[in-house]
Every structure is written in structure tokens, then in C-alpha cells.
Amino acid sequence: MPTYRAPRGTRDLLPDDRAVFDRLMRLAADLAHRYGYRPIETPLFEQAAVFERGIGEVTDVVEKELFRIAPRSEEAESWALRPEPTAGIVRAYVQHGMQTWPQPVKLTTTGPMFRYDRPQAGRYRQFWQFDVEAIGDAGPAIDAEIIELGYRFYMEAGVEGVEVLVNSIGDPACRPAYVAQLTEYYRGHADRLPPTERDRLERNVLRLLDSKDPAMAELNAAAPRITDRLCEACAAHFESVKAHLAGVGLAFRVEPALVRGLDYYTRTAFEFYVAGREGQQQALGGGGRYDGLVALLGGKPTPGIGFGLGLDRVALVLAEQGHVAPPEVAPLAVVVGADPDDTVTRFRVATTLRAARLRVRADLARRKLGRQLEAAGKDGAHFAVIIGDELAAGDVQVRDLQAGTQRTVPLDDLARELARAEASHHHG
RNA sequence: GUGGCCUUAGCUCAAUUGGCAGAGCAUCGGAUUGUGGCUCCGAAGGUCACGGGUUCGAGCCCCGUAGGCCACCCCA
């Protein structure tokens, strides 16, 4: 029983896990770059008010999941670890006057987020998101670009069975009326609401729509739909988003029950979902438009849209779908020696090869040659450089561990020979 | 935050109605001392998650705690 362990809901990404994340993060960076989004890095923590104001005081994320940092006595600031990246990025947009940059400002970041949830498979207190934001463009085309970018991430990552769900949740012009109507509808059927659902009626009516309670199915099917109650501007925007998606052949499903957990969303909401897996962590990512957020955080009224994709869940689903981690890049050569104690020479030869920019491991453990070669084989190294008595004549043995062949090479030619072998290996 | 199931070596798992904690893999070492993969031999590795209780005796029964998982809640 270890004395110390990783905190609840966190985990260590061991080299094999980290290799998967590396690949995903490289793909994320490459895709964002391809689409013209520039990397940004904001702090892992912010003034708590950034999240309280931005995300909404009465959301679950702020009410019960925010990782608050106890303020030091001499400081008034109340801080919290970021539960999502958008609020911090928008804060940076306002702070640095990005409204004077060419609009829209297209930004991306990938990193850990923190939520004080009860952990489960695919649900962690520290989790990684690939995030993309376009701030300063109200048009529907950018919505489609972002949705398509997110979908492409899953495709290029190799995730199978990703579905794209889209909806419009209206704006301040039409949503209040819809919410009122929906509240009235459910109140009229209050006697049919399970107790837990009755609580949500007053807190967040929209949440009733995506209830998993079977008792709600019939009631929800007959509930008024936001897509039927959008104002003219929102309806036109939504139609255009769908037309843009159809224009690039991207399959999507309109899901009227798709609502978002954070207050700042307006109009377009979307989610990437993978069906048919064990467990309920089927939402791989999601996002939406947040036309009110910049103003909420002290900037001029500025539209924005973005998404966050959960890398932990992508890694989980990839593993479930049978995708294995890419093999670690094995060293080109391992320097071994007949004299177990002569680590000086092994270290020196390896250093020379590394200076020639070759990927070389030195076996510095004091074990006999057979064990050194065994370890080199397990490493997957292509060559073993064997140092023995030939060194007196300025030679070493170079053994091809895959072919089982071996030949004498002058130490002076070693780097050149290995470099040539590596080049021909890569091109052959 | 609610309920349920689970926790034995680094990993995957055994252990009779309560009666001396084991295997495979991995690790390290050996097989007449300068050659890996195969094979054989050996070693190390455990507070049976942690803390109490019952009992002559607890990995096994009871209570609590922690962690994991599942369903909620929520979301990525």
C-alpha cells in the first residue's frame, strides 16, 4: 500500500498513456494551425469571479464543481482552478484589447481543466481539453467551420462512430419567452413529474428536456420545441449553419433537447457524441456560441463561438475501439560492453554518437554482456555497439539485432556508419 | 452531493464451512566468466487498501474510512 497516491479523480499519465496524449495534442495543434487558429496559454487559475460571472452563478460547474483556492489571509483575491477554458480566454481577449486585432480573433489551447466532480471512468477532476475559440464573428459560417474542425479532429484521431448533434437555443430576444412557455407546460403536468425533476423545474427548466428518466419520455416528446420558437434572426442563423454543414457534406442531427450546462451559450449549440459504448461518458466534446460573454466579462458586446473536446475520453474510446498506443521510438543503437565495470568507455562512445545527433542509449548498468544485449533487444534497438578487446585496435563490433549479423567497424567510422544505416532504414 | 458493487505482489488473478498467503507475466540474478530473442534454475517482491470489532484463530464475518467502478447528478 503506497503511502502517497495521486489525488482522487486525478491520474498519472505513464509513458504509454502520455504517448497517446502526445499524439492527440500534436494533432490538435496541427489542425488548429491548419484552420488558422493561433495558440494561446492562459493561467490554470483565475479570479473566481471570472468563472462565476462568465459561466453563471447557478450552474453546477460553479455551484458545486469549482476548485476554489483558499485565499491567503493577506490577499483579498478569491481564486479558482479553471473548469473550462473559454472564460479565461475571453478575459484575456478583453484585458489585452484584442478587439483592436483583425476580427475574428481565432485562438486555440490544449491543457488541463479542473472540476470537483465525483470521478468515474472518463470523468476526472483533472482532465484535458482541446479548445478552439473564434471571437468577433457573428456569422453562421464560422459556426460551421468550428463544428467541422471538431469533427475532423475525431476523424483524423481515428475515433469511430462520432455523431454530430446541433441545436439552437435562441438568444435574449426569444429564449426567455420559450423558457416561460416551457415552464408553464411542465407546471401544467407537475403531478406527472418525478420529485427530482420537479426540483429542476424551478432551477433550470431546459434541463428537463434531456432527462433520462423514462417517466419523462412521453412528457418531453410533447413539450414545446425551442426550434419552433426561435425569433426570426435566430432561426435564419440556424438555417444557415445547417446549410453550411450540408454544403461540406457533414452529417449531423438536429437535437432539440440539446441544451448546454453553462449560462453563456446563445444560438448554436453542438455536441460530439459516440454511441454504443459502456458507461455514460458518451459526450466527447461540445461547444456553442456565446454572444454575450465578452460583454459579461467587461468588454464591448462581441460575439464568439468555440468548443472544448475531452482528450481523456478520446483516449478512452480509442482504447476501447482497439487502437493501441503507437510504439515508442526505439533507440537506433545501444552501446554495450564486454567489461561490465567499464562504464566510462560506454558512456564516452554513446556521448560521441549523441553529439553526432544519433539516438543512442548507453547500457550503464554493471551487468554482463549477455544481459546487456538482452536489454537492448527488449528496447527494440536496431543495433548494438559492442565494446571489447578490439578497442585496442580502434575497432568495435556493430551487431544488427534484427538480422542477427555482426561486423567490425573502426570507432572513427562508427557515427557515419550508423547514420547511414538509419537513413537507409527510414528510406527503405 | 445520493445509492449500489468492488479492493490479495508492479500487472492479471487464485486461496475449502474462519485454520501456516499462492500462480502466471514483469523485474533482478545464475546456467564453466565476449553475444540478446527460445529454454531451464533461482531470488526479490505482501501491514490481504487503511482503522476498529467479533473469535482460540480473520484475506474470508461485522462497523467505519479511503480509493476504483456502475447508476444518478452533471458534463468533457
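- Residue contacts for A:G337: at a heavy-atom cut-off of 4.0 Å it reaches no nucleic acid atom on any strand shown.
- Residue A:P119 has its side chain nearest to B:C69 when only B:C75, B:A71, B:C69 are considered.
- When heavy atoms are screened at a 4.0 angstrom cut-off, A:G308 is found touching the sugar-phosphate backbone but no base atom.
- Nucleic acid contact class of A:E65 (heavy atoms, under 4.0 Å, all strands): sugar-phosphate only.
- Using N1 to N3 plus N6-O4 or O6-N4 for Watson-Crick, or N1-O2 and O6-N3 for G-U wobble, each under 3.5 Å, B:U32 pairs with nothing.
- Using the six-membered ring where Trp is involved, A:H189 and A:Y185 have ring planes that are tilted, between 30° and 60° apart.
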Point to revise | Evaluation steps, salt bridge (charged side-chain N to carboxylate O under 4.0 Å, His left out), between A:R346 and A:D363 | key: CA-CA 7 Å; A:R346 296 204 287 279; A:D363 196 319; 5.2 Å; no
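- Listed nucleotides B:U35, B:G36, B:A76 differ in distance to A:E374; the shortest reach to its side chain belongs to B:G36.
- For A:R5, the side-chain atoms get nearest to B:G67 when compared with the rest of B:C72, B:G67, B:U27.
- Nearest to the side chain of A:D117, among B:A31, B:G34, B:C74, sits B:C74.
- Listed candidates were B:G68, B:C28, B:G34. Nearest to the side chain of A:R8 is B:G68.
- Across B:G18 and B:U55, the matching C1' atoms stand 9 Å from one another, rounded to whole Å.
- The listed nucleotides are B:G36, B:C74, B:U2; the one nearest the side chain of A:D60 is B:C74.
- In this entry the distance linking CZ of A:R123 with C1' of B:G1 reads 11 Å, nearest Å.
- Base engagement by A:Q397 is indicated by at least one non-hydrogen atom pair under 4.0 Å involving a base atom.
- If you take CG of A:L284 and C1' of B:C75, they are 12 Å apart, rounded to a whole angstrom.
- Across all strands shown, B:U16 has no partner, as no Watson-Crick or G-U wobble contact with both distances under 3.5 Å is found.
- Using modelled atom types, one finds no donor on one side chain facing an acceptor on the other under 3.5 Å when comparing A:E390 with A:T408.
- Of the C1' atoms belonging to B:G67 and B:U8, the separation is 16 Å, rounded to the nearest Å.
- Counting only N and O atoms by type, the side chains of A:R229 and A:Q181 include a donor and acceptor under 3.5 Å apart.
- Residue-level contact check: A:Y124 touches the bases, meaning some heavy atom is under 4.0 Å from a base atom.
- Nucleic acid contact for A:D389: base, since at least one base atom lies under 4.0 Å from a heavy atom of the residue.
- Nucleotides B:C48 and B:C11 are separated by 16 Å at their P atoms, to the nearest Å.
- For A:E390 against B:G34, a side-chain N or O and a base N or O form a donor-acceptor pair under 3.5 Å.
- Around CZ of A:F252, the count of heavy atoms belonging to other residues, nucleotides or ligands within 6.0 Å exceeds 12.
- Distance noted for atom P between B:G42 and B:C5: 44 Å (whole Å).
- The separation of B:C56 from B:U12, taken at their P atoms, amounts to 38 Å, rounded to a whole angstrom.
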Check your understanding: Can you list the steps and then say if A:E133 with A:Y290 is a side-chain hydrogen bond (donor to acceptor under 3.5 Å, both in side chains)?
Key -> CA-CA 10 Å; A:E133 311 287 349; A:Y290 46 83; 2.6 Å; yes
